[in-house]
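Sequence lines set the chain letters: A, B, ... in the order given, protein chains first and strands last, and positions in each chain run from 1. Every heavy atom of this structure was used, including side-chain atoms; hydrogens, water molecules and symmetry mates were not. Computed from a predicted structure; not experimentally measured.
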Protein chains: 2
Amino acid sequence: MSAMATRTMRKPPEDKYDERRRALAESALRTLGELGYARASLREIAHNSEFSHGVVHYYFRDKLELIVYCVQEYKKTCVTRYDGVVADATTPEGLVDAFAAKLAETIIDEAPMHRLWYDLRAQSMFEEHLREAVTAIDRTLEDMVWRVVTRYAELADAAPALTPNAAYGVLDGVFQQALLGHVGGQDGALSVLDAQVHELMPLMLRR
Amino acid sequence: MSAMATRTMRKPPEDKYDERRRALAESALRTLGELGYARASLREIAHNSEFSHGVVHYYFRDKLELIVYCVQEYKKTCVTRYDGVVADATTPEGLVDAFAAKLAETIIDEAPMHRLWYDLRAQSMFEEHLREAVTAIDRTLEDMVWRVVTRYAELADAAPALTPNAAYGVLDGVFQQALLGHVGGQDGALSVLDAQVHELMPLMLRR
DNA sequence: CCCGGGTCTTGACGGATGTCAAGACTTTTC
DNA sequence: GAAAAGTCTTGACATCCGTCAAGACCCGGG
């Protein structure tokens, strides 16, 4: 009768199951960051993990569910990335310095993850199954940026001159540009980013 | 001996050859805009043209050469897109209105081409063979934006407050966001873009 | 001890893809 | 008008992909 609704036919562990899903998703994220969405096959993903290729369909219905799960997993590593910057800053200039430095740092340390993000966001314009997860992350990132901007305005004793989505669009634009340059081997890309952030942040304050 | 250097073993037409390449590239662009880089197969591309699938390797060495050629072809349709806006504007406000309207218009009319562009740009972070062509287009777009910004500053009798790449990054960011929203069916995306452009352009002037 | 359910591997399937060789059709050339 | 060069189609190849079924392995409870 194929007694298998969709999920949870497990009995005792129930968290071992989720643990495996997370482990698998982590391997998948490594592979995805390396090869991109299009060329990361399930076999390659499994090969970069401690399992064999068949196990994927034991933990995920199909490839897309795996990837959506990965994307949501990735989101968690993003949310708090700049909260330290916001919390520690005491002057507007100091916040801009720390924020710009953190942006450059994350490009250096996590370039594969970031290029995967832009890949997935572009793919979501072709595959609507990705759209929901991508949109959710986009909102999360916008909120994150907005926390930085409002704190900056607060420290400068001014009001933000931009809407949240405009502020996100602006900073995401220059960030993406810097990532592109960095991945392409342009060594000036990161210092340009630093300069651009210092250039842009003051413009976000109403005067 | 397989007498076939790399190109040009043709004798008389030499332009019929290029004409076919262009026709094939046009079909390819249609298909690529529909399916994206990853899922646009040579057979599907040929199917959307008047030829059969084998002909691709008569005019292009492999799939990548086809796509790079397509990308360069696409560039030509971009370069002059906003030149009319620059030429016709007589007041700074008028230029912003026309520019914002043109941005929204091109999202409506050519959404497939634009999402393809962002797809290819993301792919170029994984496939270095795409990088050169993508970088060239990126520079072209930056120049295009810069022409708008300098003309705007000129009309407003002020100096630009941003560097060319910052200005491009900023506008590309909000444009991409609007495209994402438009493709995803958010009907407010375009009016948000219009508002954002009106919000951002004045900030680009030194005061 | 063994039995049963959860876990994982192996191997196979049908289909799609890039590539290319062989030849047919078309145009040019003498 | 026949030969040659250019153009295009057809069909096949090797390979890779996602998926899934069959069974082996592992482990706790009877």
Please write out the pairs of protein N or O atoms and N or O atoms of nucleotides 22-27 of chain D separated by less than 3.5 Å, giving the distance to one decimal.
none

If we count only N and O atoms by modelled type, under 3.5 Å, do the side chains of [X] and [Y] hold a donor and an acceptor together?
X        : Y        : result
B:Asp187 : B:His182 : no
A:Glu142 : A:Asn165 : no
A:Tyr168 : A:Asp143 : no
B:Tyr118 : A:Gln123 : no

Report task. Would you please classify the geometry between the B:Tyr17 ring and the B:Tyr59 ring as parallel, tilted or perpendicular, with 30° and 60° separating the classes? Result -> tilted
Report task. Give a yes/no on whether any side-chain N or O of A:Tyr58 is located under 4.0 angstrom from OP1 or OP2 of C:dC8. Result ->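 No, outside the criterion.
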[X] has an atom [atom1]; how far is it from atom [atom2] of [N], in whole Å?
X       : N      : atom1 : atom2 : answer
A:Tyr59 : D:dC20 : OH    : P     : 18 Å
B:Glu50 : D:dC8  : CD    : P     : 8 Å
A:Phe60 : D:dG18 : CZ    : P     : 14 Å
B:Arg20 : D:dT7  : CZ    : C1'   : 8 Å
B:Phe51 : C:dC25 : CZ    : C1'   : 14 Å
A:Ile45 : D:dT19 : CD1   : C1'   : 14 Å
A:Glu19 : C:dC8  : CD    : P     : 10 Å
B:His47 : D:dT10 : NE2   : C1'   : 16 Å

Requested in this report: Supply the atom-to-atom distance A:Leu103 CG to A:Leu171 CG, rounded to the nearest 0.5 angstrom.
Outcome: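 Going from the CG atom of A:Leu103 to the CG atom of A:Leu171 covers 7.5 Å.
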Query raised in the report: Can you give one letter per nucleotide of nucleotides 11-20 of chain C, 5' to 3': B if a protein heavy atom sits under 4.0 Å from the base, S if only from the sugar-phosphate, - if neither?
Result: BB----SBBB
**Report entry** Cation-pi, B:Phe126 ring and A:Arg39 (6.0 angstrom, 45 degrees)
**Finding:** no
Query raised in the report: Are B:Arg21 and B:Tyr69 in a cation-pi setup, meaning NZ or CZ lies under 6.0 angstrom from the ring centre and within 45 degrees of the ring axis?
Result: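 Flagged: B:Arg21 positioned over aromatic ring of B:Tyr69.
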**Report entry** Side-chain (A:Thr106) to main-chain (A:Lys102) donor-acceptor, under 3.5 angstrom
**Finding:**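 No, A:Thr106 side chain to A:Lys102 backbone: no donor-acceptor pair under 3.5 Å.
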